[in-house]
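Please read the structure below before turning to the comments.
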Amino acid sequence: MPELPEVEVTRASLARRLLGAQVVAVRLGKPLRWAMGCEPASLAGMRAGDMARRGKYLWLPLAGQDGGVPPPELPRAGGLLLHLGMSGSLNLSDAPGPAGPHDHFDLLTDRGTLRLTDPRRFGAVVWSESLDAEPARKLLARLGAEPFDPALTAHSLHRALRSRRVAIKTALLGGDIVVGAGNIYASEALFLAGIDPRTRCDRIGLMRCDRMLAALRLTLARAIELGGSTLRDFRDAHGVAGAFQAEARVYAREGLACLQCGSTIRRIVQGQRSTFFCPVCQRR
DNA sequence: ATGGGTACCTGTCTGC
DNA sequence: TGCAGACAGGTACCCA
């Protein structure tokens, strides 16, 4: 499910309410992608800091209670690195119902219960003493540039792409050059840039890198503005669905007319994932 | 280093 | 109706 816009919308809808919240207890459901890596009870009493995002990961800083005396063998500060996988969403509620079969993590706090619902369980909640400590460091190490980082330019993108021979769509999904675009927004951004998703990275010149970067930023920013895409079950932390899917120009539109030129949108498979594009508007 | 494939897990939809 | 198969928003890991 969640690509950068959905993760950012989730972060934005949580950060303010969670800042300063004190952890009361943790409840775990079925195992997620990795074990949490700390004793759930050891989080009780800690206070939440400002939730941050890196790529599609969320980071919730937690620190020992002021004046508290945590037993020395327990972690005193660190945070939870969260990932929503393909089907995860976070909800913060004052009155959470009983945990359902897909509710695999509850962080009970004095500001409500933060609940991760994730049917496919590709998501993760992992304790790390800092972003530079394991396991967070290793998980974040491979991530590419943040799309809205001003340090990311057409030039730096061009430099990163010119040694790669994979198709540009595959490279965007990989996230090791630029993070944030998943299967929906990679297709959408390439449509907006007029670039065929099968184009080899090393065939994309500086001018097209410039267009692609602008298209990626425009697409992600618009999606954030619309609360993300809700294809099936994505909701922000207040239960609000996204609206970007109604503006998708190519994603899930196989066989329909291109909104720009009228020719038929195609679906192909790249790296075991569907790609949607207009064979006329998008050039190699 | 790059590339390709596999694996994780559950739900939904399609076609026979 | 039942059932097999394809497919779904992600990414770590293994091998060539």
Side-chain angles (χ1 to χ4, degrees), chain A residues 1-11 29-35 37 53-58 81-90 100-105 116-126 128 134-144 159-189 198-203 219-220 223-224 226-236 241-248 250-255 267-276:
Chain A
M1 100 356 108
E3 306 182 31
L4 184 144
E6 290 75 25
V7 176
E8 178 56 26
V9 164
T10 298
R11 187 204 63 75
K30 289 190 195 170
L32 292 163
R33 182 162 191 165
W34 300 293
R53 179 190 58 73
R54 173 75 176 99
K56 298 172 191 169
Y57 285 92
L58 290 170
L81 193 66
L82 300 105
H83 199 287
L84 302 180
M86 286 278 260
S87 57
S89 60
L90 287 168
H102 303 311
D103 299 331
H104 304 304
F105 173 81
L116 175 68
T117 304
D118 183 6
R120 291 179 73 180
R121 290 192 282 130
F122 289 169
V125 180
V126 176
S128 194
E134 304 308 339
R137 190 207 58 82
K138 193 175 180 189
L139 292 172
L140 302 180
R142 55 164 284 278
L143 298 186
R159 222 174 303 126
L161 290 178
R162 72 186 169 195
S163 63
R164 304 285 218 100
R165 275 165 295 181
V166 283
I168 184 61
K169 158 67 164 29
T170 306
L172 285 177
L173 273 193
D176 46 350
I177 295 173
V178 192
V179 295
N183 214 31
I184 300 176
Y185 302 114
S187 280
E188 292 299 316
R198 298 165 294 187
T199 311
R200 282 168 44 149
C201 292
D202 60 358
R203 302 276 180 76
T219 302
L220 296 177
I224 292 169
L226 290 179
S229 295
T230 298
L231 297 186
R232 171 177 300 272
D233 47 19
F234 172 73
R235 304 283 145 144
D236 74 6
F244 183 88
Q245 68 282 357
E247 285 194 10
V250 288
Y251 185 80
R253 296 195 70 244
E254 180 187 18
R267 181 181 88 95
I268 58 174
V269 174
Q270 296 179 288
Q272 285 95 258
R273 312 295 304 277
S274 290
T275 300
F276 300 88

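The chains referred to below are lettered A, B, ... by the order of the sequence lines, with proteins before strands, and numbering in each begins at 1.
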Can you find a side chain N or O atom of Tyr185(A) that sits less than 4.0 Å from OP1 or OP2 on dG10(C)?
-> no
Looking only at side-chain N and O atoms, does Arg120(A) come under 4.0 Å of OP1 or OP2 in dG9(C)?
-> no
Whole Å only: how far is the [atom1] atom of [X] from the [atom2] atom of [N]?
X	N	atom1	atom2	value
Phe276(A)	dG9(C)	CZ	P	8 Å
Leu58(A)	dG10(C)	CG	P	14 Å
Arg267(A)	dA6(C)	CZ	C1'	9 Å
Lys56(A)	dG9(C)	NZ	C1'	8 Å
His83(A)	dA12(C)	NE2	C1'	11 Å
Leu84(A)	dA12(C)	CG	P	14 Å
Phe122(A)	dC13(C)	CZ	C1'	14 Å

Please identify each residue that fulfils side chain to side chain donor-acceptor pair (under 3.5 Å) with Gln245(A), with sequence neighbours left out.
-> none
Check side chain to side chain contact (heavy atoms under 4.5 Å, CB included) between Leu139(A) and all other residues, then give those that pass, not counting sequence neighbours.
-> Trp34(A), Tyr57(A), Leu81(A)
Would you kindly compare Lys30(A) and Ser163(A) by the position of their nearest DNA chain B nucleotide and give the one closer to the 5′ end?
->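 Nearest nucleotide further toward 5': that of Ser163(A).
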Could you say whether Ala160(A) or Gln272(A) is positioned toward the 5' end of DNA chain B, judged by the nucleotide with the nearest heavy atom to each?
-> Ala160(A)
At the 4.0 Å heavy-atom cut-off to chain A, mark where contacts on DNA chain B begin and end, going 5' to 3'.
-> dT2(B) to dT12(B)
Hey, can you pull the residues of residues 166-183 of chain A with a non-hydrogen atom under 4.0 angstrom from DNA chain B?
-> Val166(A)
What pairs with [X] under salt bridge (Lys or Arg N to Asp or Glu O under 4.0 Å), at least two apart in sequence or on another chain?
X	value
Arg267(A)	Glu254(A)
Arg54(A)	Glu146(A)
Arg200(A)	Asp202(A)
Arg203(A)	none

Closest heavy-atom pair and its distance - Leu84(A), Pro2(A) |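 So the two residues come closest at CB-CG, 3.3 Å.
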Can you name the closest pair of heavy atoms from Arg235(A) and Ser89(A) and give their distance?
->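 Closest approach of Arg235(A) to Ser89(A), heavy atoms only: O-CB, 4.0 Å.
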Just to be sure I understand the rule, does [X] reach a base, reach only the sugar-phosphate, or reach nothing, if contact means heavy atoms closer than 4.0 Å?
X	value
Arg165(A)	sugar-phosphate
Arg121(A)	sugar-phosphate
Tyr251(A)	sugar-phosphate

Evaluate the side chain to side chain contact (heavy atoms under 4.5 Å, CB included) criterion for residues Ile224(A) and Leu4(A): first the C-alpha distance (whole Å), next the side-chain angles of each, then the deciding distance (0.1 Å), finally the verdict.
-> CA-CA 8 Å; Ile224(A) 292 169; Leu4(A) 184 144; 4.0 Å; yes
Passes side chain to side chain contact (heavy atoms under 4.5 Å, CB included), Cys201(A) versus Val166(A)? Steps please.
-> CA-CA 6 Å; Cys201(A) 292; Val166(A) 283; 4.2 Å; yes
Enumerate the residues from residues 135-143 of chain A whose closest heavy atom to DNA chain C is under 4.0 Å, giving them by residue number; use none for an empty result.
->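 Leu139(A), Arg142(A), in order of number.
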Asp103(A) and Thr117(A): side chain donor to acceptor below 3.5 Å = yes
Pairwise P distance for dT6(B) and dC7(C), with rounding to whole Å |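 Going atom to atom, P in each nucleotide, I get 15 Å.
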Between Phe234(A) and dG9(C), do the rings stack, that is, sit under 5.5 Å apart with planes less than 30° off each other?
->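 So no, this residue does not stack on that base, at least one cut-off failing.
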Output field dot_bracket for DNA chain B (Watson-Crick or G-U, both distances under 3.5 Å, | for other-strand pairs) contains .|||||||.|||||||
For Arg142(A), look at atom CZ and say whether over 12 heavy atoms of other residues, nucleotides or ligands are found less than 6.0 Å away.
->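 Yes.
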Residues in ring-ring contact (aromatic ring centres under 6.0 Å, His included) contact with Phe105(A), at least two apart in sequence or another chain |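 Expected list: none.
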Criterion side chain to side chain donor-acceptor pair (under 3.5 Å) on Thr219(A) and Glu188(A), from CA distance to verdict | CA-CA 7 Å; Thr219(A) 302; Glu188(A) 292 299 316; over 6 Å; no
For residues 172-184 of chain A, pull every pair meeting side chain to side chain donor-acceptor pair (under 3.5 Å), keeping only residues two or more places apart or in separate chains.
->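 Listed by first then second residue: Arg164(A)-Asp176(A), Lys169(A)-Asn183(A).
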